[in-house]
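To start, the structure itself, in structure tokens.
Residue numbers start from 1 in every chain, and the chains themselves are labelled A, B, ... in the order their sequence lines are given, proteins ahead of strands. Heavy-atom basis, side chains included; hydrogens, waters and symmetry copies ignored.
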There are 2 protein chains.
Amino acid sequence: MDTNQLSATFAALADPTRRAILARLAEGEATVNELADPLPLTLQAVSKHLKVLEQAGLISRGRTAQWRPCRLEPVPLREATHWLERYRQFWDGSFDRLSAHLQEIQKGNAHG
Amino acid sequence: MDTNQLSATFAALADPTRRAILARLAEGEATVNELADPLPLTLQAVSKHLKVLEQAGLISRGRTAQWRPCRLEPVPLREATHWLERYRQFWDGSFDRLSAHLQEIQKGNAHG
DNA sequence: TGTATATTCAACCATCTAGTTGATAAGCCT
DNA sequence: AGGCTTATCAACTAGATGGTTGAATATACA
């Protein structure tokens, strides 16, 4: 996958406010106000966080009257998980997978 | 897990240079010079990246003569993966797990 | 002792980030 | 039309980030 996309995803996930927003969206769609309500931030700050999440592809937004409902988008989360899977050999104790993983790494799709 | 630790991990992973370093370390220990060699950066810049990775707990460093060999540490990668697992329901098509995941989320260990 | 190698520290700089306040835009409702 | 709600845009600020160059530290080796 695209390196920049992966960087954007991890950068987006690095902020606890944005992770809180994603956790909320895991329960279903929400408007900007609903997302901002439990957070100790101005609406504008939350709006900025949503922009970051949207540009990273982690959320998408509808448009109903003056509301812009946000919903979780799975693809970047899947890609991030996929990237991390490469390192699973280091902690899951199953060294059967080791050589397969190393081969995949050395195939050239190395540091995504 | 600790929110700050998770933030540090994702922030560290957000940089492609640092991901390249981790990919190299997945093949085994390496010194700072070995890590810097393929990178279009000064040694000092690489040293800074290693400091970030070390503070995030993603690497640890030995000390042999004037060399400070780096090695991959699995725990933060495991924790990051574990955090992402919570969202697996959104892409893996197995909706059997959905309710279990939602329950876990609502238990209160929500937005880590 | 003196030099080469490996690595870090310090200072500096440009850019990005996360927040603020205030103004603006878009859509409903009377 | 006018007012309320929802949300974004614009400008600004403080602090973090990622890079540089130059100096310092630590260890080996002749």
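- When side chains are defined from C-beta on, B/Arg61 counts as touching B/Glu54, because their heavy atoms get closer than 4.5 Å.
- With 3.5 Å as the limit, one finds no donor-acceptor pair spanning the side chains of B/Glu85 and B/Thr81.
- Taking atom CG of residue A/Leu53 and atom P of nucleotide D/dA7, one finds them 15 Å apart after rounding to whole Å.
- Two residues are said to be in side-chain contact when any heavy atoms from C-beta on lie closer than 4.5 Å; B/Cys70 and B/Glu29 fail this criterion.
- Neither OP1 nor OP2 of C/dA6 sits under 4.0 Å from any side-chain N or O of B/Arg61.
- Per the geometry, CZ belonging to A/Arg68 stands 9 Å off P belonging to C/dA26, to the nearest Å.
- Rounded to a whole Å, the CG atom of B/Leu39 is 14 Å from the P atom of C/dT7.
- For the pair A/Leu13 CG and C/dT17 C1', the interatomic distance rounds to 16 Å; values are reported in whole Å.
- Using a 4.0 Å heavy-atom cutoff across all strands shown, A/Lys51 reaches sugar-phosphate atoms only and no base atom.
- Here C/dA18 presents its P atom at 12 Å from CD of A/Gln55, a figure rounded to the nearest Å.
- In summary, of the residues considered (B/Leu35, B/Asn33, B/Asp37), a side chain to side chain contact (heavy atoms under 4.5 Å, CB included) with B/Leu43 occurs for B/Asn33 alone.
- Between A/Trp83 and A/Phe10, the ring planes are perpendicular. Angles over 60° get that label, and only those under 30° would be called parallel.
- Positionally, the nearest nucleotide of DNA chain C for A/Leu43 lies more toward the 5' end than for the other of A/Leu43 and A/Thr64.
- The residue among A/Pro40 and A/Trp67 whose nearest nucleotide of DNA chain C is located toward the 5' end is A/Pro40.
- Rounded to whole Å, the distance from CD on A/Gln66 to C1' on D/dT6 is 5 Å.
- In this structure, A/Phe10 atom CZ and D/dG18 atom P are separated by 15 Å, rounded to whole Å.
- B/Gln44 contributes a side-chain N or O that forms a donor-acceptor pair with the base of D/dG22 under 3.5 Å.
- The side chain of A/Arg18 contributes no N or O atom lying less than 4.0 Å from OP1 or OP2 of C/dT17.
- Of the candidates D/dT27, C/dT20, D/dT21, the closest approach to any side-chain atom of B/Ala65 belongs to D/dT27.
- Within 4.0 Å (heavy atoms only), A/Leu41 reaches sugar-phosphate atoms of the nucleic acid but no base atom.
- Checking the phosphate oxygens (OP1, OP2) of C/dT7, no side-chain nitrogen or oxygen of B/Ser47 falls inside 4.0 Å.
- Between A/Asp15 atom CG and D/dT17 atom C1' the separation is 15 Å, expressed in whole Å.
- In the hydrophobic cluster analysis, where Ile, Leu, Val, Met, Phe, Trp and Tyr join through side-chain heavy atoms closer than 4.5 angstrom, A/Leu25 is grouped apart from A/Trp67.
- Closest to the B/Thr17 side chain, of the nucleotides C/dG19, D/dG19, D/dA7, is D/dG19.
- For B/Asn33, a side-chain nitrogen or oxygen approaches OP1 or OP2 of C/dT7 to under 4.0 Å.
- Within 4.0 Å of B/Arg63, counting heavy atoms only, lies no atom of the nucleic acid at all.
- For B/Lys48, the side-chain atoms get nearest to C/dA11 when compared with the rest of C/dG27, C/dT7, C/dA11.
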